[in-house]
Amino acid sequence: MTATGLPRAREIAEAVTDPELPMLTLADLGVLRGVELTGDGTVVVTLTPTYSGCPAMAEMRADVHRGLTAGGFERVRVRTALDPPWTTDWISPRGRHRLAEHGIAPPGTAPARGGPVPLRLEPPRAQVRCPRCGSPRTEELSRFSATACKALRRCTDCAEPFEHVKEI
């Protein structure tokens, strides 16, 4: 393995797109946690799923493996790291911009972790701006959309429906 092996492996892994949000790379989504090169030339990629039951994880692992072997890396291992757990705060600014470009409202700041957990009898009301017209006057139509990570909303000003990546 040459000295350029690790940067090239990182470049390939960072270019893999998310199967559910194909406008985002795994790096944009914050799922790609690390790329290492071991002494025997094995590329080790670490992914953190958006949640423990994420059905796209198997496809992500396969796409990373396929991309690296196509890039000339013979030994590839994709490992999963559950700690620390993924949060929507890990979505890059570029990723948030790409979501909005595609009509999907990016998530706001994730709920704070640690300390006392407030007991709520209903979900907190989210202030989500319409990705099409920018209006803050939107309403939730369904807590779930095409994937469990997204909610379906509608803008009450422009009347356009849109998806919103929920804060985790």
Engineer: Distance-only, no hydrogens or angles: does the Arg132 side chain make a donor-acceptor pair with backbone N or O of Glu160 under 3.5 Å?
Structural biologist: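 Pair absent, no side-chain N/O of Arg132 close to backbone of Glu160.
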Engineer: Pairs of donor and acceptor atoms involving the side chains of residues 15-23, under 3.5 Å and at least two apart or interchain, shall be tabulated with distances.
Structural biologist:
residue, atom, partner, partner atom, Å
Asp18, OD2, Glu20, N, 3.0
Asp18, OD2, Leu21, N, 2.6

Engineer: Got a sec, which residues hit side chain to side chain contact (heavy atoms under 4.5 Å, CB included) with Pro161, two or more places apart in sequence or on another chain?
Structural biologist: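 For Pro161, no residue satisfies side chain to side chain contact (heavy atoms under 4.5 Å, CB included) once neighbours in sequence are set aside.
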Engineer: Who passes side chain to side chain contact (heavy atoms under 4.5 Å, CB included) against Arg10, sequence neighbours left out?
Structural biologist: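 Partners of Arg10 under the side chain to side chain contact (heavy atoms under 4.5 Å, CB included) test: Leu6, Glu14, Val35.
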Engineer: Consider only side-chain heavy atoms of I, L, V, M, F, W and Y, link residues closer than 4.5 Å, and tell whether Ile12 and Val45 are in one cluster.
Structural biologist: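 Yes: a chain of side-chain contacts under 4.5 Å links Ile12 to Val45.
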Engineer: Looking at His102, I want to see if its NE2 is surrounded by more than 12 non-hydrogen atoms of other residues, nucleotides or ligands under 6.0 Å.
Structural biologist: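 Yes, NE2 of His102 has more than 12 neighbouring heavy atoms, counting only those of other groups under 6.0 Å.
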Engineer: Can you sort out the partners of Glu140 under side chain to side chain donor-acceptor pair (under 3.5 Å), two or more places apart, ordered by chain and number?
Structural biologist: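 Testing Glu140 for side chain to side chain donor-acceptor pair (under 3.5 Å), a comparison that skips the adjacent residues, returns Arg143.
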Engineer: For Arg8, enumerate each residue passing the salt bridge (charged side-chain N to carboxylate O under 4.0 Å, His left out) test, keeping only those at least two apart in sequence or located in another chain.
Structural biologist: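 Here the qualifying residues are Glu11.
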Engineer: Quick one: does Glu167's side chain have a donor or acceptor within less than 3.5 Å of a partner on Gly108's backbone?
Structural biologist: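 Yes; judged by distance alone, with no hydrogens or angles, the pair exists.
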Engineer: Sub-3.5 Å donor-acceptor pair from the side chain of Thr48 to the main-chain atoms of Leu82, do we have one?
Structural biologist: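 Between the backbone of Leu82 and the side chain of Thr48 there is no qualifying donor-acceptor contact (under 3.5 Å).
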Engineer: Who are the side chain to side chain donor-acceptor pair (under 3.5 Å) partners of Glu139, not counting sequence neighbours?
Structural biologist: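 So Glu139 forms a side chain to side chain donor-acceptor pair (under 3.5 Å) with Arg154.
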Engineer: Listed by chain and number, what are the side chain to side chain donor-acceptor pair (under 3.5 Å) partners of Asp83, not counting sequence neighbours?
Structural biologist: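 If we apply the side chain to side chain donor-acceptor pair (under 3.5 Å) test to Asp83, skipping adjacent residues, there are no hits.
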Engineer: Stepwise, does the side chain to side chain contact (heavy atoms under 4.5 Å, CB included) test hold for Trp86 with Ile91?
Structural biologist: CA-CA 10 Å; Trp86 181 85; Ile91 299 175; 4.0 Å; yes
Engineer: Applying side chain to side chain donor-acceptor pair (under 3.5 Å), name anything that partners Thr88, two or more places apart in sequence or on another chain.
Structural biologist: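 If we apply the side chain to side chain donor-acceptor pair (under 3.5 Å) test to Thr88, skipping adjacent residues, there are no hits.
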Engineer: Can you name the residues that form a side chain to side chain contact (heavy atoms under 4.5 Å, CB included) with Ser145, not counting sequence neighbours?
Structural biologist: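 Ser145: side chain to side chain contact (heavy atoms under 4.5 Å, CB included) contacts with Lys150, Leu152, Glu163.
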Engineer: Can you give me every donor-acceptor pair (side chain of residues 57-68, partner residue at least two apart or in another chain, under 3.5 Å) with its distance?
Structural biologist:
residue, atom, partner, partner atom, Å
Arg61, NH1, Val78, O, 3.2
Arg61, NH1, Thr80, OG1, 2.8
Arg61, NH2, Val78, O, 2.9
Asp63, OD1, Arg66, NH2, 2.4

Engineer: What pairs with Pro106 under side chain to side chain contact (heavy atoms under 4.5 Å, CB included), at least two apart in sequence or on another chain?
Structural biologist: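 Checked Pro106 against side chain to side chain contact (heavy atoms under 4.5 Å, CB included); matches are Arg96, Leu99, Ala100.
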Engineer: Do the side chains of Val44 and Leu47 join up, straight or via other hydrophobic residues, at under 4.5 Å, putting them in one cluster?
Structural biologist: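 Cluster IDs for Val44 and Leu47 differ.
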Engineer: Could you list the residues that satisfy salt bridge (charged side-chain N to carboxylate O under 4.0 Å, His left out) with Glu36, not counting sequence neighbours?
Structural biologist: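 Counting only residues at least two positions away or on another chain, Glu36 forms no salt bridge (charged side-chain N to carboxylate O under 4.0 Å, His left out).
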